[in-house]
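Comments concern the structure below.
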Amino acid sequence: MTTDNPSSENNEQDARPKNFVEQIVEADLAANTHAGRVHTRFPPEPNGYLHIGHAKSICLNFGIAQNYGGKCNLRFDDTNPAKEDTEYVDSIKEDVQWLGFQWDGIYFASDYFQQLYDLAVQLIKDGKAYICSLSPEETREYRGGWDGVGQDSPYRDRSIDENLDLFQRMKAGEFSDGEHTLRAKIDMASANMNMRDPAMYRIKHVHHHRTGDQWCIYPMYDFAHGISDSIENITHSICTLEFEHHRPLYDWFLDELDIFRSRQYEFARLNITHTVMSKRRLLELVEQNHVTGWDDPRMPTISGLRRRGYTPEAIRSFCSRIGVTKQNSTHDIAWLEDALRAQLNKEAPRRAAVLRPLKVVIENFPEGHEETMEAVNNPEDPSAGTRQIPFTRELYIERSDFMEDPPKKFFRLGPGREVRLRYGFFITCTDVIKDEQGNITELRCTYDPETRGGQAPDGRKVRGTIHWVSAKHAVNAEVRLYDHLFQKQDPSNVEEGQSYLENLNPNSLEVLTQCKLEPSLKDALPGERFQFERLGYFCVDAKESATDQLVFNRSVTLRDTWAKMQKKG
RNA sequence: UACCCCAUAGUGUAAUGGUAGCACAAGUGGUUUUGGUCCACUUAGUCUAGGUUCAAAUCCUAGUGGGGUAGCCA
């Protein structure tokens, strides 16, 4: 088990307190429970794309293997062919590797169909399982509610020979879907519904993405999962809280079969504000075209985050910081954003980009003249060096960096005000040009040649520094600004009878097509990340950007105390 | 209605019978050619009631609140 950057993160791991699963692993190691062996697995069902919640599980499972000298398998839990597809298998493999993890073994529950079948036969022979011929509706009635006890199936006492015969004929395809099931014979009076003779096999005449039409009976999760763990000698089978009630059944199968005893531990799944995390809902967003696909940059999927510009390191750092507990909780999406900022602040090269351009003409700057200015690529990383940017008479600045009637706390440009153009000159606004509708179309300014590079020899200070792009050299680009997918922190918080879809943020995507970038951005590569100074972190869209029509995605904004002040009024 | 799990600043987590910490958020100030970064400081917490103990966030009981469970889904 390896990551692409283990050393720096091991320090982070050491600094972090151990979560309860790690404490269990350490206790097992101390007690020599498995002769020093630690083996986990990440077991997705290939019926959807991985999301940030899966990343938590991936980091936990692969992280434990990594930190305790163990192994971690990738296992596809593909026991329900009706919902599964190889498209999902491929995306899951890609996402796990992109996150920086490499599995020790890659397996499919479907690899074990024959072994599973044989073990089921063994349980029948031991009198621990039987063929039930109740309909699904009858089964539900017989199971009973949680105030009382269930009723034994009338087929519960079929002879072993009859069970064996029927099971073999189920497998041979003699029956149609739903006609029979194989059930574990446990306890119809149990307070735990999972123990009221749970189904082990059902008939499904469905094509399986790996085994084709070889099988028409498929094992249920509870039967298949624990046995798969056991076959792979998994020591710590880590899953989410909703499987807590299944643990007695997990244990029951392994005990009755007397095979390697994996242990199941449950932790709380990840929730994040302003988004949804269930596969069902994510699928719904995709199918109803509320987003453009699983990899829409607004989606909390790994592929969406990747396209948005998130780094594997940022996601791992986030997963490490949120902790692992049994408490249901919801993390502020700001935590995730902060993890990205923390990394990109250190690594992303700085560039100038004007998203909503306003033309500035510097009247005392000679027409046709060009100056070359030197700009720092990353103040957090001197080794990133500098670059040259052209300065000319006509520039673009951000419309929001000018106010005709600015309040006193506004440090930027206004009539008669002087500001610094970053890595440029001080300029003073002398005139405001408007069209017939009164819209500002252009600013007239003068510059102070003595302030080249941004310092005034007379020592005078300006409060504001704004970014700019030479109009003549500007590269045109499309920039997509993303906001939270849902307006409310909790999208499920709706009026009675309404859907979480009511909470979709209609402004989660804003497309800007007239953006002006500094010339060095012309050759930006798909996926490449930059900080656009004073604005945020952006990446070249890996899917839709082209050399002649650049498309950038805003990954996350910079912290903006000015915007915060404005909001408060 | 039954059973299971959970409960610590706004949020998320630590303290594993012995000084309630940390991070994010929020706020104040400093530095700054990004209203970024960085630095300092401030606000703010053990659900309730009993019990055990020299000592309880921690153990026990009950209550309250939240979550989960009656698929031939995983």
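Remark: A/R16 engages A/E22 in a salt bridge, criterion side-chain N to carboxylate O under 4.0 Å. We find that A/R534 and A/E398 are not joined by a salt bridge, their nearest charged nitrogen and carboxylate oxygen being 4.0 Å or further apart. Between A/E84 and A/R210 there is no salt bridge, since none of the side-chain N atoms of the basic residue sits less than 4.0 Å from a carboxylate O of the acidic one. The pair A/R75-A/E232 meets the salt-bridge criterion, since a charged nitrogen lies less than 4.0 angstrom from a carboxylate oxygen. The pair A/R350-A/D381 fails the salt-bridge criterion, with no side-chain N (NZ, NE, NH1 or NH2) lying under 4.0 Å from an Asp/Glu carboxylate O.
Ring-base stacking between A/Y221 and B/rA74 is not satisfied when judged by a centre separation under 5.5 Å and a plane angle under 30°. By the 5.5 Å and 30° criteria, A/W146 is not stacked with the base of B/rC3.
In this entry the distance linking CD1 of A/I333 with P of B/rG12 reads 15 Å, nearest Å. Rounded to whole Å, the distance from CD on A/E266 to P on B/rA74 is 18 Å. The nearest whole Å value for the distance from the CG atom in A/N192 to the P atom in B/rC5 is 11 Å. The CZ atom of A/R16 sits 16 Å away from the P atom of B/rA23 (whole-angstrom rounding). Taking atom CZ of residue A/R196 and atom P of nucleotide B/rC72, one finds them 13 Å apart after rounding to whole Å.
Closest approach to the A/K326 side chain among B/rC72, B/rA25, B/rC5 is made by B/rC5 (side chain taken as heavy atoms from C-beta onward). Residue A/N80 has its side chain nearest to B/rA74 when only B/rU13, B/rA70, B/rA74 are considered. Ranking B/rC72, B/rU37, B/rA23 by closeness to the A/P136 side chain, first place goes to B/rC72. In this structure, the nucleotide among B/rA74, B/rG35, B/rU11 sitting nearest to the side chain of A/M565 is B/rG35. Of the candidates B/rG35, B/rG12, B/rA25, the closest approach to any side-chain atom of A/F410 belongs to B/rG35. Considering only side-chain atoms of A/R321, the nucleotide from B/rC24, B/rU34, B/rU13 that sits closest is B/rC24. Checking B/rU34, B/rC24, B/rU69 against the side-chain heavy atoms of A/R534 singles out B/rU34 as nearest. Among the nucleotides B/rC73, B/rU34, B/rU11, the one closest to the side chain of A/W335 is B/rU11. Looking at the side chain of A/E242, the nearest of the listed nucleotides B/rU34, B/rA74, B/rG27 is B/rA74.
Side-chain N or O atoms of A/H205 include none that pairs as donor or acceptor with a backbone N or O of A/S176 at under 3.5 Å.
Look at A/K564 and you'll find a side-chain N or O under 4.0 angstrom from OP1 or OP2 of B/rA26. Side-chain nitrogen and oxygen atoms of A/T79 include none within less than 4.0 Å of the OP1 or OP2 phosphate oxygen of B/rC73. For B/rU13, the OP1/OP2 oxygens have a side-chain nitrogen or oxygen of A/T325 closer than 4.0 Å. Between A/R143 and the phosphate of B/rC72, there is a side-chain N or O to OP1/OP2 separation shorter than 4.0 Å.
Checked by distance alone, A/Q566 brings no side-chain donor or acceptor within 3.5 Å of a matching partner on the base of B/rG35. For A/R350 against B/rU34, a side-chain N or O and a base N or O form a donor-acceptor pair under 3.5 Å. Within 3.5 Å, a donor on the side chain of A/Q531 pairs with an acceptor on the base of B/rU34, or the reverse. One can find a donor-acceptor pair under 3.5 Å joining the base of B/rA74 and the side-chain atoms of A/H246. Below the 3.5 angstrom threshold, one finds a donor paired with an acceptor across the side chain of A/R412 and the base of B/rG35.
The strand RNA chain B forms stems, runs of 3 or more Watson-Crick or G-U wobble pairs with distances below 3.5 Å, at B:2-7 with B:64-69, B:10-13 with B:21-24, B:26-30 with B:38-42, B:47-51 with B:59-63.
For the pair A/F411 and A/M220, nearest-nucleotide mapping onto RNA chain B gives the more 5' position to A/F411. In this structure, A/G145 and A/A334 both approach RNA chain B, and ranking their closest nucleotides by distance from the 5' end singles out A/A334.
Checking each of A/F175, A/F113, A/F167 against A/Y201 for a ring pair (Phe, Tyr, Trp, His ring centres under 6.0 Å) leaves exactly one that passes, namely A/F167.
The gap from the P atom of B/rU19 to that of B/rA2 amounts to 40 Å, rounded to the nearest Å.
In terms of heavy-atom proximity, A/M200 sits nearest to A/A184 at SD-N, 3.6 Å. Between A/S133 and A/H180 the shortest heavy-atom distance is OG-ND1, 2.8 Å.
Here the straight-line distance linking atom NE2 of A/H484 with atom CD of A/Q489 works out to 9.0 Å at 0.5 Å rounding.
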What are the atom names and distances for every N/O pair under 3.5 Å that joins the protein to nucleotides 58-67 of chain B?
unit_1 : atom_1 : unit_2 : atom_2 : d
B/rG67 : O2'    : A/N328 : OD1    : 3.3

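Applying the 90° cutoff around 0 to the glycosidic angle, B/rG71 is assigned syn.
The number of heavy-atom neighbours closer than 6.0 Å to CZ of A/R452, taken from other residues, nucleotides and ligands shown, is above 12. Counting non-hydrogen atoms of neighbouring residues, nucleotides and ligands closer than 6.0 angstrom, the CZ atom of A/R399 exceeds 12 such neighbours.
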